[in-house]
Amino acid sequence: MKTEILRIDPLHIDGEALAHAALILRRGGLVAFPTETVYGLGADADNETAVKSIFAAKGRPNDNPLIIHVPDIALCESYVERIDSEAKRLMEKFWGGPLTIIMKRSKRAKDCVTAGLSTVAIRLPSHSVAHALIKEAKTGIAAPSANLSGKPSPTIAEHVIVDFNGKIDCIVDSGASQYGLESTVIDLSVRPPRILRPGAVSLDMIREILPDACYGGGGDGVPKSPGMKYKHYAPKAPVIVVSGEMEEEAKKHTGRICILDYDDQTYKGDVFLSCGQDDVDYGARLFYLLRMADQQGADVILARNPKGGAPITDALKNRLYKSAGGVIV
Ligand code: TXA
Ligand code: MG
């Protein structure tokens with residue numbers, strides 16, 4: 001299959017290119033597109049064959065449900081049983097933006113999208129191109145992150161091309177994603193509301209609206225967000241999270257040592273990749289840097305433990321610690 005690469009400027013959207021990508025979606029094709037979090041791999045959520053081809057392209061286990069992306073609350077309504085007052089207040093405050101809301105589903109939300117669950121995950125992105133594309137497609141767009149299963153999520157189109165060139169119909173390139181980490185997922189189908197995956201919309205921000213919201217899975221050891229049980233975000237080289245002296249830790253390893261640290265650090269190892277100045281920068285770059293470390297032939301990746309102090313810090317730690325398989329020194 002020839003994969004079409006369409007460059008669409010998010011500040012000045014080319015209507016013809018957009019209509020073309022939307023038509024591919026309407027005809028059951030797969031289109032990778034930018035969002036403010038990470039790139040998504042989209043298909044018409046109402047087309048079972050198209051949705052199944054997402055799982056095949058990614059190598060994704062089919063018990064892991066997808067998020068349906070919508071351009072407005074009216075389309076969201078058609079995929080859920082009802083939008084209660086809590087959901088409405090979250091939507092008013094955080095949509096469009098990096099928040100996914102899980103609600104009881106309607107008949108329109110297909111089993112292939114929800115993996116047979118009684119709930120469905122819905123998100124309304126803020127990215128201008130994502131928003132315009134979904135609106136033009138005139139249907140909900142089921143989209144996981146546009147990476148092969150197990151690889152770090154893509155934050156630039158080049159990384160989508162590496163994983164999917166020749167395997168999907170089209171890749172829309174609109175430059176780098178703003179946040180660089182996937183959306184916050186909150187489950188409103190349970191009491192109290194539970195955050196199943198941290199993201200740029202923090203627990204504190206949500207508690208301003210829903211004071212009893214908390215982190216957590218099912219409490220029975222079974223992850224409520226099926227995706228969270230799989231190994232994720234892993235580059236080829238092992239990742240070690242370092243809280244202490246970077247140079248001391250480096251002495252314990254052989255081979256090509258790649259350092260991920262903030263700008264102001266002097267120890268550079270064999271390859272130095274900057275995390276920027278704070279956790280906002282680090283979050284935006286983490287997945288990019290993990291892929292870059294592999295490209296640079298790293299044998300081991302020593303990554304600075306996040307300094308804290310940003311709404312995205314919990315999400316950054318969550319993804320970084322997963323990529324490190326929990327190894328923190
Ligand atoms: O930022 C994002 O959310 C990106 C962009 C493309 O929108 N998408 C994304 O999708 O990260 P994905 O498929 O990589 O992650 C979706 C997560 C998975 O952990 C999945 O298990 C969970 O959401 N999820 C989806 N539907 C669910 C449901 N009904 N109940 C519980 N968890 C659900
Ligand atoms: Mg993903």
Side-chain angles (χ1 to χ4, degrees), residues 30-43 45 51 54-55 57-70 79-81 94-106 109-127 129-131 133-134 140-155 159-160 163 172 174 177-190 193-201 216-218 222-234 283 287 312 315 318-319 322-323:
L30 296 190
V31 176
F33 62 97
T35 83
E36 70 278 16
T37 56
V38 300
Y39 274 71
L41 179 58
V51 170
I54 292 181
F55 287 87
K58 276 184 66 99
R60 181 178 176 109
N62 49 24
D63 64 349
N64 191 2
L66 305 179
I67 297 169
I68 298 181
H69 296 67
V70 297
Y79 288 104
V80 301
E81 212 169 64
F94 298 113
W95 278 8
L99 179 71
T100 296
I101 304 177
I102 294 175
M103 290 163 278
K104 290 252 164 13
R105 69 163 168 171
S106 71
K110 290 196 173 338
D111 277 336
C112 57
V113 172
T114 68
L117 298 175
S118 59
T119 55
V120 62
I122 313 272
R123 172 159 127 73
L124 196 163
S126 61
H127 193 287
V129 174
H131 189 267
L133 178 65
I134 303 161
I141 300 298
S145 49
N147 51 283
L148 293 172
S149 225
K151 285 233 247 168
S153 297
T155 55
H159 291 165
V160 183
D163 283 6
V172 177
S174 302
S177 295
Q178 179 191 346
Y179 295 107
L181 301 173
E182 307 88 343
S183 62
T184 305
V185 176
I186 186 165
D187 188 350
L188 292 188
S189 74
V190 292
R194 289 183 183 274
I195 295 181
L196 306 182
R197 180 176 74 181
V201 176
V222 180
K224 270 280 291 177
S225 216
M228 299 307 273
K229 72 176 182 253
Y230 296 106
K231 186 168 190 274
H232 255 84
Y233 316 116
F287 291 149
I312 204 157
N318 172 266
R319 308 309 193 275
K322 271 174 178 271
S323 76

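For ligands, and for the atoms within them, numbers begin at 1 and follow the listed sequence. Quick note: numbers below take in every heavy atom, side chains included, and nothing from hydrogens, waters or symmetry partners.
Heavy atoms only, all atoms of each residue included: Phe287 and Thr155 are closest at CB-CG2, 4.3 Å. For the residue pair Pro34 and Ser174, the shortest heavy atom distance occurs at CG-OG, 3.4 Å. Annotation for Ile54 and Ala43: closest pair CD1-CB, 3.6 Å, computed over non-hydrogen atoms. The two atoms that bring Ser153 and Val38 nearest to each other are CB-CG1, 3.8 Å, heavy atoms only. Closest approach of Ser177 and Thr37 over heavy atoms only: CB-O, 3.2 Å. Between Lys58 and Ser145, the shortest heavy-atom distance links the atoms NZ-O, 2.7 Å.
For Glu36, no heavy-atom contact with ligand 1 is shorter than 4.0 Å. The part of Thr37 lying near ligand 1 is the side chain, judged by heavy-atom distances below 4.0 Å.
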Report task. Check step by step if side chain to side chain contact (heavy atoms under 4.5 Å, CB included) holds for Trp95 and Ile122. Result -> CA-CA 11 Å; Trp95 278 8; Ile122 313 272; 3.9 Å; yes
Requested in this report: Carefully, step by step, assess Arg197 and Arg319 under the rule side chain to side chain contact (heavy atoms under 4.5 Å, CB included).
Outcome: CA-CA 10 Å; Arg197 180 176 74 181; Arg319 308 309 193 275; 3.6 Å; yes
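Between Arg123 and ligand 1, an N or O atom pair is found at a separation short of 3.5 Å. In terms of polar-atom proximity, defined here as any N/O pair under 3.5 Å, Glu182 makes no such contact with ligand 1. Between Arg60 and ligand 1, at least one pair of N/O atoms sits closer than 3.5 Å.
Considering Val190, Val185, Leu188 in turn, Val185 is the only one that fulfils the side-chain contact (heavy atoms from CB on, under 4.5 Å) rule with Ile102.
Listed by number with element, the atoms of ligand 1 under 4.0 Å from a non-hydrogen atom of Ile67 are 3 (O), 8 (N), 9 (C), 10 (O), 16 (C). Heavy-atom proximity to Ser145, at under 4.0 Å, picks out these atoms of ligand 1: 8 (N), 9 (C), 10 (O), 12 (P), 14 (O). Interface of Pro65 with ligand 1, defined as ligand atoms under 4.0 Å from a residue heavy atom, comprises 20 (C), 21 (O), 24 (N), 25 (C), 26 (N), 27 (C), 28 (C), 33 (C). Per-residue contacts place Gly40 under 4.0 angstrom from the following atoms of ligand 1 (heavy atoms of the residue considered): 6 (C). For ligand 1, the atoms lying closer than 4.0 Å to a non-hydrogen atom of Ala121 are 25 (C), 26 (N), 27 (C). Taking every heavy atom of Ile102 and a limit of under 4.0 angstrom, the matching atoms of ligand 1 come to 27 (C), 28 (C), 30 (N), 31 (C), 32 (N), 33 (C). Atom numbering of ligand 1 starts at 1 in the shown order; those under 4.0 Å from a heavy atom of Leu117 are 28 (C), 29 (N), 30 (N). The distance from ligand 1 to the heavy atoms of Ser183 drops below 4.0 Å at these ligand atoms: 1 (O), 2 (C), 3 (O).
Looking at Glu182 and Arg123, no side-chain N of the basic residue comes within less than 4.0 Å of a carboxylate O on the acidic one, giving no salt bridge. Classification of Asp111 and Arg105 as a salt-bridged pair holds, one side-chain N sitting under 4.0 Å from a carboxylate O.
Between the Mg ion (ligand 2) and Ser149 there is no N/O/S contact shorter than 2.8 Å.
Judged by the shortest distance from any of its heavy atoms, Arg105 lies outside the 4.0 Å radius around the atoms of ligand 1. Contact between Thr114 and ligand 1 is absent, with no heavy atom of the residue lying under 4.0 Å from the ligand.
Of all the listed residues (Thr119, Val38, Val113, Leu41), Thr119 holds the heavy atom that lies closest to atom 29 (N) of ligand 1.
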